[in-house]
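Presented below is the structure to which this report refers.
Basis for what follows: all heavy atoms, side chains included, without hydrogens, waters or symmetry-related copies. Just so we're on the same page: letters track the sequence lines, and every chain starts at 1. As the structure is a prediction and not an experimental result, all values here were calculated from the model.
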There are 2 protein chains.
Amino acid sequence: MQDVADRAGVSLSTVSYTLTGKRPVSAATRVRIEQAMADLGFRRHPVARALASRRTHVLAIAYPVFGVSLGATLNEIVHGAVDAAREADYDLVLWPVSSDEPELVAELAAQRTADGVLLMEVALDDPRVAAVEQAGVPCALIGRTADPGDRVWVDIDFEQAIEVAVEHLVGLGHRHLGFVNRSQASFDAGYGPVVRAAAAFDAAMTSRGLEPVSTTCDVLPVAGRRATARLLAEHPDLTGFLVMNELALFGVHGALRDAGLRIPDDVSVVGVAITGEISDMYDHPLTYVSTPGPAQGRRAVEGLLELLDGRRHAPGTNLPCALRVRETSGPPPA
Amino acid sequence: MQDVADRAGVSLSTVSYTLTGKRPVSAATRVRIEQAMADLGFRRHPVARALASRRTHVLAIAYPVFGVSLGATLNEIVHGAVDAAREADYDLVLWPVSSDEPELVAELAAQRTADGVLLMEVALDDPRVAAVEQAGVPCALIGRTADPGDRVWVDIDFEQAIEVAVEHLVGLGHRHLGFVNRSQASFDAGYGPVVRAAAAFDAAMTSRGLEPVSTTCDVLPVAGRRATARLLAEHPDLTGFLVMNELALFGVHGALRDAGLRIPDDVSVVGVAITGEISDMYDHPLTYVSTPGPAQGRRAVEGLLELLDGRRHAPGTNLPCALRVRETSGPPPA
DNA sequence: TTGAAAGCGTTACCAA
DNA sequence: TTGGTAACGCTTTCAA
């Protein structure tokens with residue numbers, strides 16, 4: 001940077017100030033400096049910058065490399081986060097830690113190698129939150145804890161997602177719908193998405209005078225197959241299925257076919273909180289209610305940056321999902 | 001750190017040296033210093049360390065957030081890499097960049113915010129390699145370029161993987177095997193895994209006096225379904241399938257069932273270069289030839305660190321795969 | 001609008 | 001075996 005200053009005939013500090021923009025610099029010298037930087041192929045050194053300014057200009061996202069999801073969902077969030085970070089001139093790195101390693105997250109945060117941390121797949125009582133905050137690093141939650149306080153959080157509006165799916169099928173004429181949720185274990189643990197979706201489904205059905213039929217299901221194709229088969233056995237009149245379980249989806253199809261049912265002639269299937277990528281993976285393009293995906297990551301980053309800059313941040317938000325009608329839903333058989 | 005020095009009654013530099021171990025420190029003072037560090041809850045500041053030592057102690061891995069794989073395969077590699085890095089006291093971060101953004105990789109490397117870069121899903125002519133190296137940052141390849149030179153690379157021994165799978169099925173009595181490869185586009189592009197597997201399958205079959213039947217197939221369940229149906233139509237005598245295509249696998253099953261074939265009674269299915277996680281996702285636990293997964297990441301990191309330390313590094317390696325016999329393979333029908 | 005210089009928290013060189 | 005101190009490449013305060 002001294003080289004740039006010399007070549008532009010100014011002091012080192014002026015170069016720094018044209019870079020940071022924290023002090024007015026006359027147009028003339030700015031041009032000379034920029035020219036000098038171009039000539040010399042100058043690049044700011046982030047490490048030195050971080051040391052001097054006590055800001056790394058890096059955001060980290062705890063990325064669960066061993067989660068149970070297919071990756072597509074997480075990656076959409078990451079994508080949105082990356083975009084938002086880049087726009088704000090921040091780098092976004094992923095920390096490969098699974099959700100049950102709060103100590104690791106704590107250690108990484110304590111290193112102060114990132115200005116803020118994004119937490120994905122946040123549980124109701126997530127030790128990672130305290131881990132990060134105790135290190136004095138602000139964090140944003142994708143999902144939310146039981147009591148998020150005035151933290152930055154971005155969650156999915158599961159109530160709306162379920163409502164939209166039910167409305168779609170009921171609107172097509174269905175009266176008997178089954179809901180395949182995620183695992184019983186996560187339900188028992190009070191994991192937000194699972195509990196809220198279960199309640200939302202019951203509400204959506206009963207408010208329409210319909211009987212809610214639902215089941216939890218491990219996040220595995222085989223589990224989906226068994227759960228669906230059981231549901232069909234107990235409720236042979238079911239003509240529509242809501243599935244909020246990426247992997248189980250694949251088993252659901254198998255079970256329906258085993259039962260001799262065609263999609264969507266005999267039975268409709270709607271994925272809930274699914275990405276387009278997953279929908280494409282289905283045998284026939286799956287009708288689904290999409291996750292807000294990128295928007296979640298984006299909002300989380302924006303909120304986190306507001307926090308960092310001391311701007312007041314918007315309160316937490318539940319983002320809505322959008323119905324995408326494709327080829328697995330239609331009117332019930334006559 | 002000055003605080004630690006004061007409390008231990010030594011100079012700042014001595015504290016630094018007990019930390020780095022680059023200079024002998026008497027046992028007595030070492031103990032005092034460690035005590036002082038514990039008392040004060042001292043933590044080294046990685047940013048300052050990086051600036052002074054010109055080493056970040058961070059390794060980055062270009063993580064394709066929008067790859068076509070299911071994530072499980074990539075994540076196994078990441079896991080191995082993380083472990084190896086941690087053992088060597090390095091941090092490993094993931095850079096969320098897709099493989100077709102070499103400029104991004106170049107920019108990140110030029111920031112010199114990592115001491116070395118791991119590249120996954122390396123193509124035969126991968127611009128990322130030059131991008132990283134031109135920034136003066138060493139890299140290791142998972143997969144390999146057409147001419148890896150004396151770079152560090154770790155690839156899968158696809159020849160062995162195919163051979164093992166063929167041997168397994170032929171050993172069970174099969175004479176007519178079909179191979180479902182990855183996309184035609186990647187074959188045409190000369191992508192290593194696809195080209196090598198195709199050749200290996202032909203070799204394994206012809207060397208046994210058998211006719212090799214194979215097809216390329218997009219990385220999608222529907223594509224797998226169609227490809228398998230076509231293969232069956234053209235070669236009704238097929239009794240075994242090798243599938244080196246994570247997503248197509250799900251479609252293969254559907255096609256076989258559509259044809260009224262039971263697994264493994266009528267037809268056997270073997271996944272090639274698949275992870276256990278994928279195997280578990282199959283309707284019945286899939287017989288497969290596993291990827292070396294974590295070993296790939298581990299070896300790549302080890303090689304990269306050797307490079308960084310100026311130790312001579314081992315040449316590139318093809319890691320072998322292991323056959324896992326589960327429930328989708330058996331003798332052909334009589 | 002600009003310059004000079006004091007840090008930022010380490011490492012590593014030069015002496016002792 | 002230890003201490004003092006100049007970097008490392010920036011940001012930012014204090015002066016002008």
Side-chain angles (χ1 to χ4, degrees), chain A residues 1-34 36-37 40-58 89-91 110-115 135-137 308-310, chain B residues 1-34 36-37 40-58 89-91 110-115 135-137 308-310:
Chain A
M1 185 152 127
Q2 184 61 62
D3 296 342
V4 175
D6 292 347
R7 184 173 240 267
V10 297
S11 82
L12 189 156
S13 61
T14 301
V15 176
S16 175
Y17 280 116
T18 91
L19 243 19
T20 62
K22 293 195 177 178
R23 196 166 83 171
V25 172
S26 77
T29 67
R30 149 162 294 123
V31 168
R32 291 215 314 287
I33 289 173
E34 279 165 355
M37 295 200 299
L40 270 45
F42 170 81
R43 312 188 65 102
R44 222 156 157 188
H45 189 142
V47 173
R49 171 148 90 128
L51 183 59
S53 66
R54 294 135 157 279
R55 283 284 199 121
T56 61
H57 266 251
V58 169
D89 192 34
Y90 270 74
D91 274 340
Q111 303 229 145
R112 313 203 119 271
T113 180
D115 294 337
V137 176
L308 286 175
D309 297 348
Chain B
M1 187 152 126
Q2 183 62 62
D3 295 343
V4 174
D6 292 347
R7 184 173 241 267
V10 297
S11 81
L12 190 157
S13 60
T14 302
V15 175
S16 174
Y17 281 117
T18 92
L19 243 17
T20 62
K22 292 195 177 176
R23 197 165 83 170
V25 171
S26 78
T29 66
R30 148 163 294 123
V31 168
R32 291 215 315 287
I33 290 173
E34 280 164 355
M37 295 200 297
L40 270 46
F42 171 81
R43 312 188 63 104
R44 222 161 163 180
H45 189 141
V47 174
R49 171 148 90 127
L51 182 60
S53 66
R54 295 140 154 281
R55 283 285 199 121
T56 61
H57 267 254
V58 169
D89 192 34
Y90 270 74
D91 274 339
Q111 303 229 145
R112 314 204 117 268
T113 181
D115 293 337
V137 176
L308 286 175
D309 297 348

Rounded to the Å, how far apart are [X] [atom1] and [N] [atom2]?
X: Y17(A); N: dA15(D); atom1: OH; atom2: P; value: 14 Å
X: R30(B); N: dT1(D); atom1: CZ; atom2: P; value: 10 Å
X: Q2(A); N: dC8(D); atom1: CD; atom2: P; value: 12 Å
X: D115(A); N: dC8(C); atom1: CG; atom2: P; value: 18 Å
X: R32(A); N: dG3(C); atom1: CZ; atom2: C1'; value: 14 Å
X: R54(A); N: dG9(D); atom1: CZ; atom2: C1'; value: 16 Å
X: L51(B); N: dT10(C); atom1: CG; atom2: P; value: 12 Å
X: H57(A); N: dC10(D); atom1: NE2; atom2: P; value: 14 Å

Closest listed nucleotide, where the reference is the side chain of S53(B) and the choices are dT12(D), dG3(C), dA12(C) =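 That would be dA12(C).
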Looking only at side-chain atoms of H45(A), point me to the closest of dG9(D), dC8(C), dT10(C).
-> dG9(D)
For R43(A), answer base if it contacts any base atom (sugar-phosphate contacts may also be present), sugar-phosphate if it contacts only those atoms, and nothing otherwise; contact means non-hydrogen atoms under 4.0 Å.
->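 Since only primed, P, OP1 and OP2 atoms lie under 4.0 Å of R43(A), the category is sugar-phosphate.
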For V47(A), which contact category applies under a 4.0 Å heavy-atom criterion: base, sugar-phosphate, or nothing?
->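 Nothing: the residue V47(A), judged by heavy atoms under 4.0 Å, touches no strand.
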Donor-acceptor pair, H57(B) side chain versus D89(B) backbone, under 3.5 Å?
-> yes
Check whether any side-chain N or O of T56(A) sits under 3.5 Å from a backbone N or O of D115(A) as a donor-acceptor pair, and report yes or no.
->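 Yes; judged by distance alone, with no hydrogens or angles, the pair exists.
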Below 4.0 Å: OP1/OP2 of [N] and any side-chain N or O of [X]:
X: S11(B); N: dG3(D); value: yes
X: S13(A); N: dT12(D); value: no
X: S16(A); N: dT12(D); value: no
X: R44(B); N: dT11(C); value: yes
X: T14(A); N: dG3(C); value: yes

5'-most contact on DNA chain C: S26(A) or L12(B), nearest heavy atom basis?
->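 Comparing both residues, the 5'-ward one is S26(A).
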Using the closest heavy atom to pick a nucleotide of DNA chain C for each, name whichever of A48(B) or K22(B) lands nearer the 5' end.
->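 The answer here is A48(B).
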Using the closest heavy atom to pick a nucleotide of DNA chain D for each, name whichever of L19(A) or P24(B) lands nearer the 5' end.
->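 Between the two, 5'-proximity favours P24(B).
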Confirm from the modelled atom types if R23(A) and dG3(C) form a donor-acceptor pair under 3.5 Å, side chain to base only.
-> yes
Find the distance between CZ (F42(B)) and CG (L19(B)) and round it off to the nearest 0.5 Å.
->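 Reported value, rounded in 0.5 Å steps: 5.5 Å.
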Roughly how far, to the nearest 0.5 Å, is the NZ atom of K22(A) from the OG atom of S53(A)?
-> 7.0 Å
Begin with the C-alpha distance, continue with both residues' side-chain angles, and end with the deciding distance and a verdict on side chain to side chain donor-acceptor pair (under 3.5 Å) for R30(A) and Y17(A).
-> CA-CA 10 Å; R30(A) 149 162 294 123; Y17(A) 280 116; over 6 Å; no
What's the shortest heavy-atom distance between A48(B) and L51(A), and which atoms?
-> CB-CD1, 3.7 Å
